[in-house]
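First up is the structure itself, then whatever we jot down about it.
A quick note: this is a predicted structure, and the numbers were derived from the prediction, not measured. Chain identifiers are assigned alphabetically (A, B, ...) following the order of the sequence lines, protein sequences preceding nucleic acid strands; residue numbering begins at 1 within each chain.
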Number of protein chains: 2
Amino acid sequence: MKEVLPGFNFAVSIDCVLFGFDGNELKILLIERNEEPFKDWWALPGNLVNEEESTDESAFRILRELTGLSDIYMEQYYAFGDVNRHPQGRVISVAYYAMLRLGGEKPLKPLTSYAKKAQWVNVANLPKLAFDHQHILDKGLEKIKRRIKHLPLAFELLPEKFTLTQVQSVYELILGKKLDKRNFRKKILSFKVLKELDEKQRGVSFRAATLYKFDKRKYNKLFGKEISF
Amino acid sequence: MKEVLPGFNFAVSIDCVLFGFDGNELKILLIERNEEPFKDWWALPGNLVNEEESTDESAFRILRELTGLSDIYMEQYYAFGDVNRHPQGRVISVAYYAMLRLGGEKPLKPLTSYAKKAQWVNVANLPKLAFDHQHILDKGLEKIKRRIKHLPLAFELLPEKFTLTQVQSVYELILGKKLDKRNFRKKILSFKVLKELDEKQRGVSFRAATLYKFDKRKYNKLFGKEISF
DNA sequence: TTACTTAGTGTAAAAAATACACGTTATATT
DNA sequence: AATATAACGTGTATTTTTTACACTAAGTAA
């Protein structure tokens, strides 16, 4: 226990919506809680903000603790401040999202005492979530839907080298609708942020597709311009 | 003083960016602080969140206390959580914006003990602001720039009856650039959310313009569709 | 060699965005 | 009453963007 000034009895937490793409499905990272409240429930990875760190720093720390990853672009998208959202007191949660590439060399290693395990779960098939996490997730999904229409975010989900069909899959999963193949390719190439490689997919049955790379330099020049899907 | 659980020693505040349009200039409401810290500085209107109210409820209460207005659509846009943003302790500020019509019948009446006065100030000509309020304001401006491109927000700033030239002025002020008159009219009318009235401006020198009303019902149907300026 | 599956490509039509200039009308002034 | 003033209100041609739509090519596997 600790003494505080009046008004200074709130806690602030971070919840992270981590999107991942395994080539077929859009997934998010969930943990199975090992502590009350909501022990044994699935929840978004999150934790309390420490006193000596900003919310942004806290978000990066928590992501690192949960996945071993740093250098990921996370973006704050909303603060959830309902009175009874946490049974143990007044907790304001600041939500961040990030897009991660799955199946890379180093496996994600969630090292958390308060979680039994962490697992990537298909967004289309989620368990019931602790607290108001379903709501937080829904808002996050809305957000990236709007975002991906205006910025080429999809590449953060994809491996370094990818095919145009994979890019299209990501767009279709996030937007929740089918897109026309020719029009999609015309459009995504028109932004000139993709570099065609002299290399084909390997290890696939059937015809291998050409691989592309994301050209971050050209992307940065594009930033600010309006694009849409 | 009060005893709390570990982690529960943060305060949460609301800061409001209230945009107003007086026919010529885009303004925001500032208060002159009457209390330390930053006594005598100009600041965004804001206050601490009470324990028994959500952040949304708190934002509406604070807006009401400062302006006497209710029934205003406010939207949360960002949470500011740097460590040293408040000299008296760890305060996370959740920022909201709203658009108000100025010069209505009832004058805005800020009734605050902690403020010497409240005043509408031209966004293009601001004093130095307390805390990180300049930063909060900048983010708010960015936000409404993006928003107004995709939603017809401008009408919240205008009186019930307005001219198309006034609508265009609001867009030009927020976007910070001149728009073509004929193209602007074509576009804004194409959304079919404006109702032409059988009535002209009064009390102006020179030719009076036709007045329009905003049709909220039709606007609600539009919601979700993409529009852009 | 054949069957299968995904890759990769072009065009025409429709819709939207842009660029651009002048006659009209109400008021104010002389 | 005539005139000057200043903002109002309107249309079209061009360019750009979006949409709709279907087949051949290439590589793998049996």
**Item:** Pair listing, salt bridge (charged side-chain N to carboxylate O under 4.0 Å, His left out) test, anchored in residues 162-177 of chain B, at least two apart
**Value:** Glu172(B)-Lys178(B)
**Item:** Pairs meeting criterion salt bridge (charged side-chain N to carboxylate O under 4.0 Å, His left out) with involvement of residues 119-130 of chain B, two or more places apart
**Value:** none
Could you tell me the separation between the [atom1] atom of [X] and the [atom2] atom of [N], rounded to a whole number of Å?
X	N	atom1	atom2	answer
Leu189(B)	dC8(D)	CG	C1'	14 Å
Arg202(B)	dT27(C)	CZ	C1'	14 Å
Lys177(B)	dA19(C)	NZ	P	10 Å
Phe184(B)	dC8(D)	CZ	C1'	15 Å

**Request:** Between protein and nucleotides 5-15 of chain C, map the contacts as a letter string: B base, S sugar-phosphate only, - none, heavy atoms under 4.0 Å, written 5' to 3'.
**Result:** BBBBBBB----
**Asked** So what is the end-to-end bend of the helix from dT1(C)-dA30(D) to dT30(C)-dA1(D), with 5 pairs used at each end and the value given to 10 degrees?
**Response** 10°
**Fill in**
By salt bridge (Lys or Arg N to Asp or Glu O under 4.0 Å), Asp132(B) pairs with (sequence neighbours left out) Arg85(B)
**Prompt:** With respect to Tyr96(B), which candidate in Asp56(B), Val17(B), Asp15(B), Leu63(B) satisfies the side chain to side chain contact (heavy atoms under 4.5 Å, CB included) definition?
**Reply:** Asp56(B)
**Item:** Cation over ring face, Lys143(A) and Tyr77(A), 6.0 Å, 45°
**Value:** no
**Prompt:** Just by distance, do the side chain of Ser58(B) and the backbone of Thr55(B) share a donor-acceptor pair under 3.5 Å?
**Reply:** no
**Message:** Quick check: Phe21(B) with Phe19(B) (ring centres under 6.0 Å apart)?
**Reply:** no
Please list, one pair per line, the donor and acceptor atoms closer than 3.5 Å that link side chains of residues 153-162 of chain A to other protein atoms, with sequence neighbours excluded.
from: Lys161(A); atom 1: NZ; to: Glu199(A); atom 2: OE1; distance (Å): 3.0
from: Lys161(A); atom 1: NZ; to: Glu199(A); atom 2: OE2; distance (Å): 3.3

